[in-house]
Amino acid sequence: ETYSEMIADKIRMLEYLSAFDMVLLIGLIIEQYFLSKKIAKANKLLKKKAYLVVLALCTALAFTACGTTTDKKENTKSAAEAQDTTNTDKEDSGSEASDSVDSSDKAAVSGDTRLVSADDVSKYVTIGQYKGLSLDNTVEAVTDDAVDGRVEEELQNKAEEVTEGSVQDGDVVTINYVGTKDGVAFDGGTANNYELTIGSGTFIDGFEDGIIGMKKGQTKDLDLTFPDDYPSEDLAGQEVTFKVTLQSFKRAPELTDEWAAKNTDCKTAEDYKKEIRKTLESEAKTSAQNTLRETAWNTVLSASEVKEYPQDDLDTAKTEFRTLYENYAKQGDMTLEDFVKAQGISMDDFEEQGSQYAEYKVKQNLIVQGIMDAENMTLEDEKSLAVQDELIQAYGVKDLAALVDKYGQAAVDESIGLLRVEDFILDNATVEEKVTAGDTEGENGDDPSTDGSSAEGEVDEELETAEAADMVPAE
């Protein structure tokens with residue numbers, strides 16, 4: 001269930017994903033897919049087969065052309081690049097700053113490293129307004145419900161083994177089970193030492209409820225019926241019996257002063273909840289800043305128009321796309337053709353996806369390089385080197401060489417360039433600070449609640465940038 005929710009969250013975030021982010025997200029989920037296949041062999045009681053969702057998501061992502069995410073702690077801009085591009089020395093020339101770039105006399109400024117093969121970017125793209133934008137930095141107010149929810153999560157993560165008593169809803173159990181149909185064990189219906197959260201809805205109806213009340217070491221038969229729409233035709237609508245043995249179970253502790261003093265840096269439960277609130281407020285500010293960067297970049301991106309794509313750059317990007325999928329296919333001991341077929345698309349469709357990816361990537365690089373040329377920026381100047389240092393620090397690597405070794409030179413260069421340009425756009429924008437909670441909004445950082453504390457209302461979970469892997473430094 002958690003995995004399906006994660007995928008749903010990613011789909012809701014599609015409007016913020018760049019081509020790089022899409023491929024990288026696909027990669028992360030495909031890795032989970034291969035893991036899920038192994039799990040599925042040991043457990044076919046899952047209501048939905050995760051790999052079908054994964055393949056559908058891969059197709060949806062590849063057909064989406066949008067903006068860019070910027071979670072600075074967990075994400076990487078274009079870290080999924082399959083190979084480096086070759087950079088050549090360019091002639092030095094100055095450039096006059098402007099709000100848009102569309103003049104033929106814009107040429108490369110001083111700096112050896114470039115993101116595109118073209119010296120004169122203006123021949124290929126018309127860049128929309130990127131200075132003087134009016135933007136909102138909207139921070140979600142932290143609600144009491146959000147605090148309680150996070151506290152519950154933290155307590156669940158610190159669940160402790162229960163040696164006496166019986167299983168309750170919400171407990172995490174470790175079980176052995178054997179599923180039989182007409183007295184014969186069926187394929188995938190047996191597992192040992194399987195960890196399951198009761199109430200998660202992971203198994204078919206009746207399975208988890210049947211474990212409630214069991215004691216450690218107890219064995220129990222569960223007579224159940226698979227749903228009619230179960231993926232396996234052999235089991236759909238069939239009556240089966242599961243022999244379940246409870247190995248052990250854990251339970252989340254209650255939040256008390258004693259627990260807080262023993263397990264946290266806080267002396268009381270109330271102090272612990274205050275710390276949780278501070279953490280959520282910090283996350284809300286970071287999320288808002290990420291969204292602000294996304295909005296700033298997407299505004300420029302949508303206002304820009306490509307006149308012509310440099311063919312060499314397109315070819316390189318297409319090769320990267322194909323190589324990336326070939327590598328993923330190898331992880332599953334599959335050919336590229338078999339992997340593509342498993343997505344329910346033809347090779348012609350796959351090639352079209354690669355073309356869309358390449359066009360989006362090249363467009364982004366053209367815009368970034370064009371703004372850098374117009375504003376006399378290079379990937380080797382002082383501010384770009386500062387971004388480079390932030391990346392090194394954020395990823396805990398020793399130096400730039402280690403970063404390049406892990407992600408590739410092209411990925412690192414493109415990340416630095418995009419971050420540098422996003423910073424420039426924001427530095428030259430008018431930003432209005434706002435705080436929202438539900439449908440209520442305050443301006444200039446004022447909390448919309450009546451007492452100035454956290455206002456009640458739903459926190460928009462879609463602002464949480466979870467786990468897409470862009471190369472962006474931590475704040």
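Using a 4.5 Å heavy-atom threshold, the side chains of Arg420 and Lys383 count as touching. Residues Tyr130 and Trp297 form no side-chain contact, since every pair of their non-hydrogen atoms from C-beta on lies 4.5 Å or further apart. Considering only heavy atoms from C-beta on, Arg277 stays 4.5 Å or farther from Arg150 through its side chain. When side chains are defined from C-beta on, Leu155 counts as touching Trp259, because their heavy atoms get closer than 4.5 Å. You'll find the side chain of Lys434 stays beyond 4.5 Å of the side chain of Val139, heavy atoms only. Side-chain contact check for Arg293 versus Asn137: every heavy-atom pair is 4.5 Å or farther apart. The shortest distance between side-chain heavy atoms of Gln156 and Val172 falls below 4.5 Å. Between Gln364 and Leu418 there is a side-chain heavy-atom pair separated by less than 4.5 Å.
Summarising the local packing, CG of Asp265 is surrounded by 12 or fewer heavy atoms from other residues, nucleotides or ligands at distances under 6.0 Å. Crowding of Glu351 atom CD: a count of heavy atoms from other residues, nucleotides or ligands under 6.0 Å exceeding 12. Within 6.0 Å of atom CD in Glu258, 12 or fewer heavy atoms from other residues, nucleotides or ligands are found, so the atom counts as exposed in its surroundings.
Proximity of a side-chain donor or acceptor of Asp349 to a complementary backbone N or O of Ile345 within less than 3.5 Å is not detected. Remark: side-chain polar atoms of Gln129 are not paired, donor with acceptor, to backbone N or O of Val300 under 3.5 angstrom.
Under the 3.5 Å distance criterion, with hydrogens and angles disregarded, no donor-acceptor pair is assigned to the side chains of Glu275 and Thr264. Counted by atom type alone, Asp381 and Ser384 present one or more donor-acceptor pairs between their side chains at under 3.5 Å.
Lys318 is linked by a side-chain contact (heavy atoms from CB on, under 4.5 Å) to Ser355, Ala358, counting only residues two or more places apart in sequence or in another chain. Not counting sequence neighbours, the partners of Thr268 by the side chain to side chain donor-acceptor pair (under 3.5 Å) test are Asp271.
Taking the six-membered ring where tryptophan is involved, the planes of Tyr328 and Tyr325 are perpendicular, since the angle between them exceeds 60° and thus also 30°.
Remark: aromatic rings of Phe350 and Phe339 are distant, center separation not under 6.0 Å.
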Pair Asp148-Lys273, salt bridge (charged side-chain N to carboxylate O under 4.0 Å, His left out): steps then yes or no:
CA-CA 8 Å; Asp148 291 341; Lys273 294 182 72 171; 3.3 Å; yes
